[in-house]
Amino acid sequence: MKKLFIKTYGCQMNVYDSDRMSDALAASGYEATTEINDADLVVLNTCHIREKAAEKVYSELGRLRILRQSQEAKGKKMMIGIAGCVAQAEGEEIMRRAPVVDLVFGPQSYHKLPELVGRAANEKVVETDFPAEDKFEHLPKARKETTIARGLTSFLTVQEGCDKFCSFCVVPYTRGAEVSRPVAQVVAEAQNLVDGGVKEITLLGQNVNAYHGLDEQGNSTGLAELIYRLADIKGLERLRYTTSHPRDMDDALIEAHRDLDMLMPYLHLPVQAGSDKILKAMNRQHTAKEYMELIERIRAARPDLALSGDFIVGFPGETEEDFEATLQLVKDVHYAAAYSFKYSTRPGTPGAEMDNQVPEEVKYERLQRLQELLNAQQKEFNQSCVGKTFPILFEKKGRDEGQIVGRSPYLQPVQVEADLSLIGTIQPVSIYDTGKFSLFGKIVT
Ligand code: 5AD
Ligand code: SF4
């Protein structure tokens with residue numbers, strides 16, 4: 001067996017993709033390793049969403065060059081491949097900047113990986129086309145023992161690409177136009193995961209609630225309907241989905257949150273900013289008020305639902321007043337968790353061309369203020385869980401001896417003193433304390 005080492009950067013879709021690459025290469029005799037020194041093939045699955053993400057890849061390549069030299073001195077060959085969104089965006093440029101790389105391939109060519117790796121043994125290979133065929137039809141399914149080894153929760157990509165063209169975002173360029181996988185293909189993959197012991201599936205898509213795959217009769221099917229189809233799979237206990245755009249949150253999906261208990265009451269619904277002027281410049285296609293009204297409708301349907309979001313500070317033209325509108329929106333919503341970033345120009349996006357860029361130190365200062373507020377809200381949310389009882393899906397051994405750890409419906413890790421035999425089961429747990437990252441609870445008997 002040859003050894004494959006994959007390092008994954010960025011979003012959950014990359015985590016999913018890395019597993020698919022691993023499955024594709026298993027067929028040509030590659031076995032995954034967590035030890036880079038043993039690897040015959042090293043793949044960096046990269047992210048291009050923000051500046052630092054791509055720079056991290058180039059500094060990792062500097063380290064890999066040194067590792068490869070020392071491996072060669074021992075007579076061992078090591079091939080280096082770059083996958084993901086940096087590969088898609090930079091293509092040939094990567095070979096120029098880092099000649100140590102043998103193979104550059106974008107997210108739409110993972111099904112061709114065995115062939116590409118074969119070619120890369122003799123020549124430099126760059127593959128960044130968007131091929132006409134459906135890669136998902138050609139990617140092999142995971143073997144049962146591999147699924148079991150990957151654990152009780154799994155990602156499943158149902159939709160890829162984005163047609164929204166927010167003016168800061170590279171995704172429509174690196175991942176291409178919105179494509180939804182057919183319902184039957186998704187159901188079959190979910191069934192395969194459940195057969196391998198998976199109890200919780202998170203459906204993934206850059207804009208997952210725009211899902212519109214075809215069903216067996218050729219009818220366009222929304223995300224809510226797909227969720228109901230998956231809910232019928234015996235042995236599957238929990239469903240989640242991410243990431244959603246406010247504009248695509250339809251009534252059927254809101255009703256699914258009301259009616260379907262296995263759909264977890266936790267929703268990642270990025271708003272990015274609270275000022276209508278900035279939302280317009282970002283091409284978000286909604287106002288702050290429309291977002292707030294949407295949240296009200298979702299909460300009316302499912303009062304215990306918790307929200308998380310993404311925020312960008314310092315988008316071109318953002319004044320102090322605009323930024324304060326973001327703070328106000330956060331105060332009005334009360335987030336359980338959130339991700340916040342300084343705006344970074346992405347070459348090729350409209351935002352990069354805008355001439356009213358915000359100085360770095362202003363972005364920094366605003367990010368500090370926003371994060372202080374978001375952290376306080378997260379703490380408040382965690383504290384509000386104390387005294388409540390939640391179903392916890394136990395996933396593995398806990399931090400300390402005698403503990404096991406699982407996730408709450410809100411994705412919080414919950415540490416409980418209990419027998420290892422409960423791993424893989426869902427138990428009612430009463431929360432008695434919160435730590436920095438976890439909750440602590442006792443099983444209710
Ligand atoms: N600068 C900063 N943050 C960005 N994001 C996307 N593009 C940029 C950018 N150019 C953030 C958004 C998005 C999340 C995945 O990353 O908040 O929702
Ligand atoms: Fe990017 Fe906007 Fe599409 Fe999200 S909805 S992937 S932020 S373009």
Side-chain angles (χ1 to χ4, degrees), residues 8-17 45-56 84-86 88-90 107 155 157 159-176 178 202 204-210 241-249 267-275 278-279 281-286 288 291 307-318 322-323 326-327 329-330 333 335 337-354 356-360 362-368 370-371 373-374:
T8 308
Y9 299 80
C11 66
Q12 292 140 323
M13 194 171 284
N14 269 9
V15 175
Y16 174 85
D17 285 347
N45 190 8
T46 63
C47 171
H48 202 240
I49 200 89
R50 288 173 293 278
E51 219 127 40
K52 284 219 184 83
E55 283 316 309
K56 272 190 209 154
C85 293
V86 176
Q88 188 63 43
E90 307 245 303
F155 295 129
T157 294
Q159 176 280 328
E160 212 173 340
C162 185
D163 294 343
K164 285 283 184 294
F165 289 92
C166 298
S167 58
F168 52 80
C169 186
V170 283
V171 163
Y173 311 95
T174 56
R175 293 277 176 167
E178 233 172 75
T202 303
L204 297 182
Q206 260 92 28
N207 190 9
V208 73
N209 60 348
Y241 60 93
T242 197
T243 289
S244 298
H245 191 287
R247 274 287 289 257
D248 293 317
M249 212 57 220
L267 179 62
H268 185 62
L269 196 63
V271 66
Q272 313 296 353
S275 139
I278 296 300
L279 287 170
M282 286 176 163
N283 189 30
R284 287 292 292 179
Q285 304 172 38
H286 62 78
Y291 181 80
L307 283 155
S308 77
D310 289 340
F311 297 90
I312 297 177
V313 301
F315 186 78
E318 186 188 73
D322 294 321
F323 173 65
T326 300
L327 294 178
L329 180 141
V330 171
V333 172
Y335 287 93
Y339 305 87
S340 49
F341 315 98
K342 288 187 289 182
Y343 171 69
S344 77
T345 52
R346 303 287 66 209
T349 62
E353 307 297 314
M354 296 179 185
N356 43 1
Q357 302 289 330
V358 173
E360 205 50 37
V362 176
K363 289 186 206 168
Y364 177 81
E365 188 262 343
R366 286 181 189 163
L367 187 64
Q368 301 303 309
L370 177 61
Q371 290 188 338
L373 176 61
L374 290 168

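Note that the numbering runs from 1 along the sequence shown for the chain. First listed ligand is number 1; within each ligand, the first listed atom is number 1. What you see below is based on every heavy atom in this structure, not just the backbone, and it leaves out hydrogens, waters and symmetry mates. It should be emphasised that the depicted structure is a prediction, and the values quoted were computed from it without experimental measurement.
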Quiz item: Distance only, no hydrogens: is a donor on one side chain within 3.5 Å (strictly under) of an acceptor on the other, for Thr174 and His48?
Solution: no
Practice problem: Would you check if there is a donor-acceptor pair between the side chains of Asn45 and Asp17 at a distance under 3.5 Å? | Solution: no
Quiz item: Where the closest heavy atom to atom 15 (C) of ligand 1 is concerned, which of Ile312, Val171, Val170, Asp310 has it?
Solution: Asp310
Quiz item: atom 12 (C) of ligand 1: which of Gln272, Arg346, Lys342 has the nearest heavy atom?
Solution: Gln272
Self-check item: Result of checking Phe311, Tyr364, Phe315, Phe168 against Tyr343 for ring pair (Phe, Tyr, Trp, His ring centres under 6.0 Å)
Solution: Phe315
Quiz prompt | Sub-3.5 Å N/O-N/O distance, Arg50 and ligand 1 | solution = yes
Quiz prompt | Proximity of Phe168 to ligand 1 by residue part, where a heavy atom lies under 4.0 Å | solution = both
Practice problem: Step by step, work out the side-chain contact (heavy atoms from CB on, under 4.5 Å) result for Glu160 and Glu178. | Solution: CA-CA 6 Å; Glu160 212 173 340; Glu178 233 172 75; over 6 Å; no
